[in-house]
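Working notes, beginning with the structure itself.
These figures come from a predicted structure and were not determined experimentally. Because only heavy atoms are used, hydrogens play no part in the values below, and waters and symmetry mates are left out as well, while side chains stay in. Ligands are counted one by one from 1 in listed order, and the atoms in each one are counted from 1 as well.
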Amino acid sequence: MKNYEKRIAVFDSGVGGISVLREMVKLMPAEDFVYFGDSKNAPYGTKTLEEVRELTISHVKNFLAEGDKAIAIACNTATSAAVRTLREMFPEVPIVGIEPALKPAVLHKKGGKVLCLATPMTIREEKFKNLLKQYENDAEVIPLPCPGLMEFVESGHYDTKEAGDFVYQLLYDYRDNAVDAAVLGCTHYPFVRNLIQDVLGDKVEIFDGAYGTAKELKRRIEVAGLLNPDSERTGNVVFRNSAPSEEKTALCEKLLYGQA
Ligand code: DGL
């Protein structure tokens with residue numbers, strides 16, 4: 001097997017990273033992907049940095065042992081905990097992470113108000129603080145930790161009344177166009193994007209980092225000479241999970257192929 005024929009491993013604490021995977025599949029249809037969700041250990045966002053770093057490194061070692069050619073950490077929380085360490089450990093491997101898409105949100109309206117939804121860990125960590133510093137003069141960025149939100153997606157109950165009520169309570173102070181833009185800084189949140197839009201108001205522009213991350217992955221794979229050149233080919237996606245079940249696989253397929 002040629003190196004460019006090997007798989008790309010995409011990883012998240014659970015099913016949220018599928019919001020990033022779907023952009024990758026669209027952008028690189030010839031590639032084979034393995035998607036690993038660590039649902040057994042989810043949520044990551046309420047764990048310590050050390051716990052998340054250890055889990056992430058161990059998953060990446062497993063992907064590399066299986067011969068995967070590139071790694072996408074489709075989880076903002078795991079990225080902030082481990083991407084730097086991983087790049088130092090495996091400098092020859094294309095590794096991408098994801099971070100809250102503050103840049104386009106701030107550019108959307110200079111001097112405006114930008115709400116950034118993410119996990120408690122993402123918001124607490126150094127990486128996010130550095131990101132905030134870059135944009136603090138251009139907009140008012142309001143970080144909002146959202147413990148409990150990812151669980152609605154993880155359990156498949158993301159389009160229920162309970163999820164809607166939860167989102168309403170969470171965003172109550174920012175309802176009815178009180179902010180100019182919102183950033184979905186956790187890869188689970190695009191699956192409750194409509195609920196978020198309903199509460200924030202229809203004038204609020206919502207951003208996430210999925211497409212940007214997919215583009216960056218493609219760029220890195222290309223630079224490394226690992227992009228599959230066969231433009232006739234349709235690649236495949238394999239789902240793996242640390243708490244495997246038929247329901248989980250069905251949910252993954254629904255999230256990837258079933259809805260916008
Ligand atoms: N999907 C993850 C992220 O992007 C986090 C969800 C969690 O495990 O708390 O941050």
Enumerate donor-acceptor pairs with a distance under 3.5 Å from any side-chain N or O in residues 203-213 to protein atoms, sequence neighbours excluded.
| unit_1 | atom_1 | unit_2 | atom_2 | d |
| --- | --- | --- | --- | --- |
| D208 | OD1 | A210 | N | 2.8 |
| T213 | OG1 | G209 | O | 2.7 |

Taking all heavy atoms of L227 and all of I221, pick out the closest pair and write down the distance.
N-CG2, 3.2 Å
Kindly list each side-chain donor-acceptor pair under 3.5 angstrom involving residues 86-95, sequence neighbours excluded, with atom names and distances?
| unit_1 | atom_1 | unit_2 | atom_2 | d |
| --- | --- | --- | --- | --- |
| R87 | NE | I95 | O | 3.1 |
| R87 | NH2 | I95 | O | 2.9 |

L255 reachable from L184 in the ILVMFWY side-chain graph, under 4.5 Å edges:
yes
Does K127 have more than 12 heavy atoms from other residues, nucleotides or ligands lying within 6.0 Å of its NZ?
yes
Give every pair formed by an N or O atom of ligand 1 and a protein N or O atom closer than 3.5 Å, one pair per line with both atom names and the distance to 0.1 Å, or write none.
| unit_1 | atom_1 | unit_2 | atom_2 | d |
| --- | --- | --- | --- | --- |
| ligand 1 | 1 (N) | D12 | OD1 | 3.0 |
| ligand 1 | 1 (N) | T187 | OG1 | 2.9 |
| ligand 1 | 1 (N) | H188 | ND1 | 2.8 |
| ligand 1 | 4 (O) | N76 | N | 2.8 |
| ligand 1 | 4 (O) | N76 | ND2 | 3.0 |
| ligand 1 | 4 (O) | T187 | N | 2.8 |
| ligand 1 | 4 (O) | T187 | OG1 | 3.2 |
| ligand 1 | 8 (O) | S13 | OG | 2.6 |
| ligand 1 | 8 (O) | Y44 | N | 2.6 |
| ligand 1 | 9 (O) | Y44 | N | 3.4 |
| ligand 1 | 9 (O) | G45 | N | 2.8 |
| ligand 1 | 10 (O) | N76 | N | 3.4 |
| ligand 1 | 10 (O) | T77 | N | 3.1 |
| ligand 1 | 10 (O) | T77 | OG1 | 2.6 |

Got a list of side-chain donor-acceptor pairs under 3.5 Å for residues 233-243, not counting sequence neighbours?
| unit_1 | atom_1 | unit_2 | atom_2 | d |
| --- | --- | --- | --- | --- |
| R233 | NH1 | A30 | O | 2.6 |
| R233 | NH1 | D32 | OD1 | 3.2 |
| R233 | NH2 | D32 | OD1 | 3.3 |
| R233 | NH2 | D32 | OD2 | 3.1 |
| R240 | NH1 | E66 | OE2 | 3.2 |
| N241 | OD1 | S39 | OG | 3.4 |
| N241 | OD1 | A243 | N | 2.7 |
| N241 | ND2 | G37 | O | 3.3 |
| N241 | ND2 | S39 | OG | 3.0 |
| S242 | OG | D38 | OD1 | 2.7 |
| S242 | OG | S39 | N | 3.3 |
| S242 | OG | K40 | N | 3.0 |

